[in-house]
Amino acid sequence: MNAMKVPAPTAPGDRTLQAPAVAVPRRAARERLASLDLGSNSFRLWIAERDDQGRLHEILSHKHAVRLAAGVGRDGQISDEACARALRVLEDCARVLRDQQVGAARAVATSTFRVATNAGKLLQAAEQLLGVPVEIVSGHEEARLIYKGVSRELGNDGLQRLVIDIGGGSTECVIGIDGQARLVDSASVGCVFLSRQYFGEGRVSREAMMAAQYRARDHLAPLVVPYKALGWHRAFGTSGTAESLTQVARTHFGSERLTRPMLTQMMDLLIQAGHVDRLHVEGLTPERRPVLAGGLALMVAAFDEFGIESLVYCPAALRQGALYDLIERRSGQDVQAAAVEMMMRRYSVDAAHAARLTMTAQDLFERLLDVLPGRFIGADPRAGLRALIHAASLAEIGLAVAHEDFNKHGNYILRQADMPGFSRPEQDLIARLTLAQTGSLRGLREQVRDPLEWVLMLCLRWASILHRQRQARLVEMPDLQWVQGRILASWPPHWGQVHELARATLVHEVSEWNGEGLAPAIALAFD
């Protein structure tokens, strides 16, 4: 794998010219941002500068065919060879990030990372190489970010648009107006899967092409009805398959848009060639050839199922959307907070009680930050605090199902829900915290890997105990100290006398916590 090389900028004009006599004020340095899209077929690095209006201007873009999905075996694991290819590319990406002096970066991982049973190991290695966390995004979140990138590229015209993104392991579908995504979905079928399943070693036949189309249509069919009901004025395709097929349309048909008759002729050309390597198309890159047949079959299936008349390629996609989303988060446009608020409304969560629970859990956590050794807190406690706040806000979401085992119902809802702005690990953490707010601690040990997570669970459990009577007034907080290797939580004597039930529950809680050998250890004092 060759290292990425960033060309040095060349000065315009004749180098022998003298500098002007009057000094020209230099433009203030713009912040450089980077996104890395770890897709199932390709890894894409995008670096851009942000101007004063928040717009991004591309500095460089790199794409590497990693073929990660092609390396997943029947056991559901990514092969060592595919992992090695991925890590070599990530080494190059890390080098470019350093050379370009990027101020902030965001890495998102998609379909293969969602399904591979050993993805966690590769994810950990990726984060060590890049020096930034890698977010495994759900299919719906991937679709939302793709549309955010597309909408910035296309601008506002007030018309509904359909966006189809055919990836290596999944296909994302969105209908939106201007910057608003109105309908988002993800189908678990991609060009790598179809190419492996029906076009082994690159061989193409009419029978295989028809079988691949029907398989793809079977995955897309459940999505179609609401899309046709909502409607659209123009259709756009993003990412590698749409780009490659548009290149074929441009070369062979002199068209910048795809139509169903053109796709039929492309299939005929490929079937006549009999093999993807024997298809002679100017501009078709070697890395796209192994997945061209699967991508073409999937595009035809999308045209047929959705009833698309023509489709235009849009160069923006997930990598641009991830950066614009990052900018919005940093500017206070909190997509996660909006998603939590939407979930609270949908499941009729008691907002006043949730606010009190959140305030107490946050207060406990911030007090613990002042006393706990660093090994319990980790490098990014603020990310943990955000998860705690969201979990406390949604702690009672399971009451919409039943009062008994409401924490388990809430855990299930939050694991399955579509929550825009959240990566898969972030959503899973909130679900675990919701589960852990009450009940036995014994079953949690297998699920928790980060010491900070135990601290977050402790805060939410204690907040739930202190607010068990759902009183409207503020609760009295304990004095927290780190004494002889454990947390010492102290309340004055009168508190324990007035709140006998809370005191008894806390004593039992601490006994169970210490009995399970969980860290940090805890001691109580009422004096």
Side-chain angles (χ1 to χ4, degrees), residues 76 109-111 113-117 119-120 135-144 170 184-188 222-223 226 335-351 353-355 357-358 361 383-384 386-450 452-454 456-465 467-468 470 509 512 516 518:
T110 59
S111 176
F113 283 87
R114 292 195 288 264
V115 301
T117 56
E135 306 171 40
I136 302 178
V137 294
S138 68
H140 283 76
E141 177 66 0
E142 183 180 354
R144 184 186 74 85
S170 63
V184 296
D185 276 297
S186 177
S188 57
L223 312 182
V335 178
Q336 291 184 343
V340 169
E341 184 178 352
M342 178 270 294
M343 294 287 287
M344 292 176 68
R345 289 197 304 268
R346 178 184 297 174
Y347 290 93
S348 302
V349 172
D350 183 340
H353 181 71
L357 190 66
T358 300
R386 288 194 298 272
L388 177 62
I389 290 171
H390 294 322
S393 299
L394 297 169
E396 293 191 335
I397 196 171
L399 291 175
V401 179
H403 278 73
E404 186 175 358
D405 292 332
F406 77 94
N407 59 320
K408 297 178 182 178
H409 299 312
N411 173 263
Y412 178 82
I413 290 170
L414 292 172
R415 285 187 182 278
Q416 303 301 321
D418 171 27
M419 296 180 65
F422 288 92
S423 66
R424 187 74 259 169
E426 289 173 329
Q427 195 165 330
D428 287 346
L429 173 57
I430 294 168
R432 282 196 304 275
L433 293 177
T434 303
L435 174 66
Q437 67 185 289
T438 188
S440 174
L441 292 160
R442 183 159 298 175
L444 297 172
R445 188 181 291 278
E446 296 298 319
Q447 302 182 44
V448 178
R449 295 291 181 267
D450 185 356
L452 175 62
E453 194 169 330
W454 288 117
L456 301 176
M457 289 180 176
L458 174 65
C459 293
L460 187 53
R461 289 175 75 90
W462 280 25
S464 299
I465 292 171
H467 286 280
R468 185 156 294 173
R470 308 183 74 83
E509 167 79 9
E512 183 179 3
E516 291 293 329
L518 303 179

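Keep in mind that what you see is a predicted model, and the values were worked out from it rather than measured.
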Close side-chain approach of Val401 and Ile413, heavy atoms under 4.5 Å = yes
request  = Can you see which heavy atom on Cys459 is nearest to which on Leu388, and at what distance?
outcome  = CB-CD2, 4.0 Å
query = At what distance, to the nearest 0.5 angstrom, does OG of Ser111 lie from CD1 of Ile136?
reply = 11.0 Å
note = Minimal heavy-atom distance between Met344 and Ala354, with the atoms involved, is CE-CB, 3.9 Å
message = How long is the straight-line distance from CZ of Arg424 back to CZ of Arg415, given to the nearest 0.5 Å?
response = 7.5 Å
query = Would you find more than 12 non-hydrogen atoms of other residues, nucleotides or ligands less than 6.0 Å from Tyr347 atom OH?
reply = yes
query = Is it true that the side chains of Ser138 and Glu141 contain a donor and an acceptor less than 3.5 Å apart?
reply = no
task = Could you tell me which non-hydrogen atom of Leu433 sits nearest to which non-hydrogen atom of Ala391, and how far apart they are?
result = CB-CB, 3.7 Å
remark   = Residues Ser170 and Glu142: closest non-hydrogen pair is OG-OE1, 3.9 Å
task = Could you tell me whether a side-chain N or O of Asn411 sits under 3.5 Å from a main-chain N or O of Ala431, the two making a donor and an acceptor?
result = yes
ask   = Does Gln437 use its side chain to pair, donor to acceptor, with the backbone of Glu396 at less than 3.5 Å?
value = no
ask   = Do Arg445 and Leu518 have side chains that get closer than 4.5 Å, going by heavy atoms?
value = yes
query = Are any side-chain N or O atoms of Arg461 and backbone N or O atoms of Ala436, one a donor and one an acceptor, separated by less than 3.5 Å?
reply = yes
Test ring-ring contact (aromatic ring centres under 6.0 Å, His included) applied to Phe113 - qualifying residues, sequence neighbours left out = none
query = For the atom pair CZ (Arg432) and CG (Asn407), what is the distance rounded to the nearest 0.5 Å?
reply = 14.5 Å
key: Student check: side-chain heavy atoms of Ser393 and Val340 closer than 4.5 Å   = yes
message = Is it the case that the side chain of Glu453 and the backbone of Leu429 share a donor-acceptor pair, with hydrogens and angles ignored and the cut-off at 3.5 Å?
response = no
task = Kindly compute the distance separating OG1 (Thr358) from CG (Leu460), expressed to the nearest 0.5 Å.
result = 8.5 Å
key: Minimum-distance pair of heavy atoms, taken over all atoms of Gln427 and Leu414   = NE2-O, 2.8 Å
message = Measuring from atom NE2 of His390 to atom OG1 of Thr434, what distance do you get when rounded to the nearest 0.5 angstrom?
response = 11.5 Å
task = Please report the C-alpha distance between Leu394 and Met419 in whole Å, then the side-chain angles of each, then the deciding distance to 0.1 Å, and finally whether the side chain to side chain contact (heavy atoms under 4.5 Å, CB included) criterion is met.
result = CA-CA 12 Å; Leu394 297 169; Met419 296 180 65; 4.0 Å; yes
query = Do any N or O atoms from the side chain of His409 and from the backbone of Glu404 form a donor-acceptor pair under 3.5 angstrom?
reply = yes
message = So which atom in Leu441 and which in Glu512 form the shortest heavy-atom distance, rounded to 0.1 Å?
response = N-OE2, 3.1 Å
query = Does Leu444 reach the side chain of Leu435, with side-chain heavy atoms less than 4.5 Å apart?
reply = yes
message = Is the shortest side-chain heavy-atom distance between Arg114 and Ser186 below 4.5 Å?
response = yes
Interatomic distance, His140 atom NE2 to Phe422 atom CZ [nearest 0.5 angstrom] = 16.0 Å
query = If you count the non-hydrogen atoms of other residues, nucleotides and ligands that lie under 6.0 Å from CZ in Arg449, is the total more than 12?
reply = yes
task = Apply side-chain hydrogen bond (donor to acceptor under 3.5 Å, both in side chains) to His467 and list each qualifying residue two or more places apart in sequence or on a separate chain.
result = Thr360
